[in-house]
There are 2 protein chains.
Amino acid sequence: MAGYNVIVVGASGAVGQEILQVLEERNFPVGELKLCATARSAGKEMLFKGKTYIVEETTPESFDGMEIALFAGGAASTEFGPLAAEKGVVVIDNSSHFRLDPQVPLVVPEVNPEDVKAHKGIIANPNCSTIIMVVPLKAIYDAAGIKRVVVSTYQAVSGAGAEGIAELTEHTRAALDGGEVVPSKFQYQIAFNLIPHIDVFQEMDYTKEEWKMVKETRKILHDDNMAITATTVRVPVYRSHSESINIETVRKVTANEAKKILEDFPGVIVQDSPADKVYPMPLYTSGNDEVFVGRIREDNSLDKGLNMWVVADQLRKGAATNAVQIAELVIKYGCLLKK
Amino acid sequence: MAGYNVIVVGASGAVGQEILQVLEERNFPVGELKLCATARSAGKEMLFKGKTYIVEETTPESFDGMEIALFAGGAASTEFGPLAAEKGVVVIDNSSHFRLDPQVPLVVPEVNPEDVKAHKGIIANPNCSTIIMVVPLKAIYDAAGIKRVVVSTYQAVSGAGAEGIAELTEHTRAALDGGEVVPSKFQYQIAFNLIPHIDVFQEMDYTKEEWKMVKETRKILHDDNMAITATTVRVPVYRSHSESINIETVRKVTANEAKKILEDFPGVIVQDSPADKVYPMPLYTSGNDEVFVGRIREDNSLDKGLNMWVVADQLRKGAATNAVQIAELVIKYGCLLKK
């Protein structure tokens, strides 16, 4: 099988490393591989399928001869994304910059794969918390309709990158051993604490993270008026985001029916056997590509409603895996820019 | 001022120690003080107002000559509570055993103080998560009515007592240093993890903790049909429970009006200035008696709704402080059993 020329931009960061890992695990048909990042990371060595690659500084020329560009996120997306698309490279972008652009498909492969076909060079990867929520939501949406969603998140520190991971360890050691806690990546000490503040505050005193969950979900489900409200909270967990999701449905769904619907949906693993202490937890979902759903209950406060507890590795399904799945769709649908 | 003879049962545990502290801080009119616990803790020395007391094993005779008994919770409540009341001692009980008994008032002093007057010897202290939620709920309930509540909790390990605290430290050190993690008090490793399982599973696959939040809130607000649904989760935080609360109101309330209503309510401190990174966090509320409310927002998904983020020290307001406040009401209303 002939491979495709792939460039990973931001390869050395937390998401970039996962992208490489996922490309290898899924045996993505890679032809030429180019790893790029900022000047600071240039020169770093990374392994892919046993071969060593040197990270280069991203320049406009980096995209010459490439077919698919996976952007891990950050400022590089705005600087190089449109330019790469102009050069005929299909850009799959993990930054928030293009997500709500009507010209740019926002895709979760289990939910709206066909949207990929409409791309004009750039396809956006949704926010991690949005991806994790929208997979099980879509299952219920198709089966029973959704009137309203109330979600509260419990988000891991790796959502803030490698520095977030390091800071949780630093703060934890300092808190245990009596050292000084110096917040840098987070607003306050994150060890043994909760911070209800992710990204910047915007209209109505919601954070940008909360608005992402509202607006991106509407776009992915093609339902501009869907009622969703969110509260997002950083928790002292290294990896995998968790979400407590309350869903008001159009048609009544029993807990057993909901479990069946979710079990049958691609990309979902139901872990729900309370008597056996089986429910999803972030410590045990990390490293996996699926969205884990448990604590599935009829909402006792409504005629037609469900509660569920949803956990997934936000660096995998919430970022890298979803991006590579989009690249696979681009190939499957034959919608590369260079034929 | 003459003091009242007070016995604290379970004095040496996490809640018992707080009760002593709160009695001292609030300058509760203590006459004779007796500290009791199980045989295992008998002989332990504890300080109250600079004087050393020896913890005794609880026996039926422990209650002779006493006027107020503060039970920290656990099996002692069922074993000695009714007996103490028969002996003319007003029992303020922190266990879950009597809370839903129609003969037993369930009291949060800021919410339903008058209910104390109907006691027949036992007054129940509500579940910690319930107390923390019902204080701000009552403010909104009185001002605008409440149709429905969706709550997700983030509960500290000290809700599981001193052993919970020790286990978080043990698990954290083991996780950081590569040692073996042995869950004992909790179902799984709690360090860097979340466990959506507090207390036992009951009907509809809700936990007992979740049902407590539903049923106790209805009883305290005297609203048997109030629509409430809860998801309760243990988080790696030492102290202070946090709750993401979504409220559907009867009358529309703006965020600014809600802030004013909450600021004016006794026992509530509003911490809500997002631009200044001001919102409640468990690390900073611990040791306080008030319920802290922030992230107060109109619910963008409803015409009439609010989101808020509520944090309080569950060993203080969620247990010890609330119990001592009830004892103060018993004195204020003159409803001791011995006149």
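Because only heavy atoms are used, hydrogens play no part in the values below, and waters and symmetry mates are left out as well, while side chains stay in. Below, chain A is the first sequence line, B the second, and so on; all start at residue 1.
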Side chain, backbone, both or neither: which part of [X] has a non-hydrogen atom closer than 4.5 Å to chain B?
X	answer
A230(A)	backbone
N300(A)	both
T153(A)	backbone
V233(A)	side chain

>> Among R297(A), R295(A), K259(A), which residue satisfies the salt bridge (charged side-chain N to carboxylate O under 4.0 Å, His left out) criterion with D205(B)?
In response: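 It is K259(A); the other options fail the test.
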> Checking salt bridge (charged side-chain N to carboxylate O under 4.0 Å, His left out) against K215(B), which of E209(B), E210(B), E203(B) comes through?
Replying inline: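 Checked E209(B), E210(B), E203(B) against K215(B); only one passes salt bridge (charged side-chain N to carboxylate O under 4.0 Å, His left out): E203(B).
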> With under 30° as parallel and over 60° as perpendicular, where do the rings of F201(B) and Y279(A) fit, or are they tilted in between?
Replying inline: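 Judged by the thresholds at 30° and 60°, the geometry between F201(B) and Y279(A) is tilted.
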Highest number of heavy-atom pairs under 4.5 Å with chain A: which of [options]?
options	answer
V311(B), N225(B), D177(B)	D177(B)
I195(B), T169(B), V149(B)	I195(B)
P196(B), S152(B), P282(B)	P196(B)
D272(B), V150(B), I296(B)	V150(B)
V214(B), L302(B), V235(B)	L302(B)

> Picking from T285(B), N288(B), I131(B), what satisfies side-chain contact (heavy atoms from CB on, under 4.5 Å) with K317(B)?
Replying inline: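 The side-chain contact (heavy atoms from CB on, under 4.5 Å) with K317(B) is passed solely by I131(B) among T285(B), N288(B), I131(B).
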>> Out of S240(A), P274(A), S244(A), return the one with the most heavy atom pairs under 4.5 angstrom to chain B.
In response: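 Looking at each option in turn, the highest pair count goes to P274(A).
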>> Let's test your reading of the structure: which of K277(A), Q189(A), M226(A), R239(A) forms the most heavy-atom pairs below 4.5 Å with chain B?
In response: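 Between K277(A), Q189(A), M226(A), R239(A), the count favours K277(A).
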Gap between atom [atom2] of [Y] and atom [atom1] of [X] - 0.5 Å precision:
X	Y	atom1	atom2	answer
Q314(B)	T130(B)	CD	OG1	12.5 Å
N307(B)	N246(B)	CG	CG	4.5 Å
L262(A)	K138(A)	CG	NZ	13.5 Å

> What part of I228(B) gets closer than 4.5 Å to chain A, counting heavy atoms only: side chain, backbone, both or neither?
Replying inline: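 Only the backbone of I228(B) comes within 4.5 Å of chain A.
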>> With a 4.5 angstrom heavy-atom cut-off, is it the side chain or the backbone of V157(B) that approaches chain A, or both, or neither?
In response: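 Contact with chain A is absent: no heavy atom of V157(B) under 4.5 Å.
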>> Taking K185(B) first and then E167(B), would you say they form a salt bridge - that is, a charged N and a carboxylate O separated by under 4.0 Å?
In response: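 Salt bridge absent between K185(B) and E167(B).
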> Given the side-chain rings of H241(B) and Y154(B), with only the six-membered ring counted for Trp, is the space between their centroids under 6.0 Å?
Replying inline: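 Distance test on ring centres: not under 6.0 Å, no.
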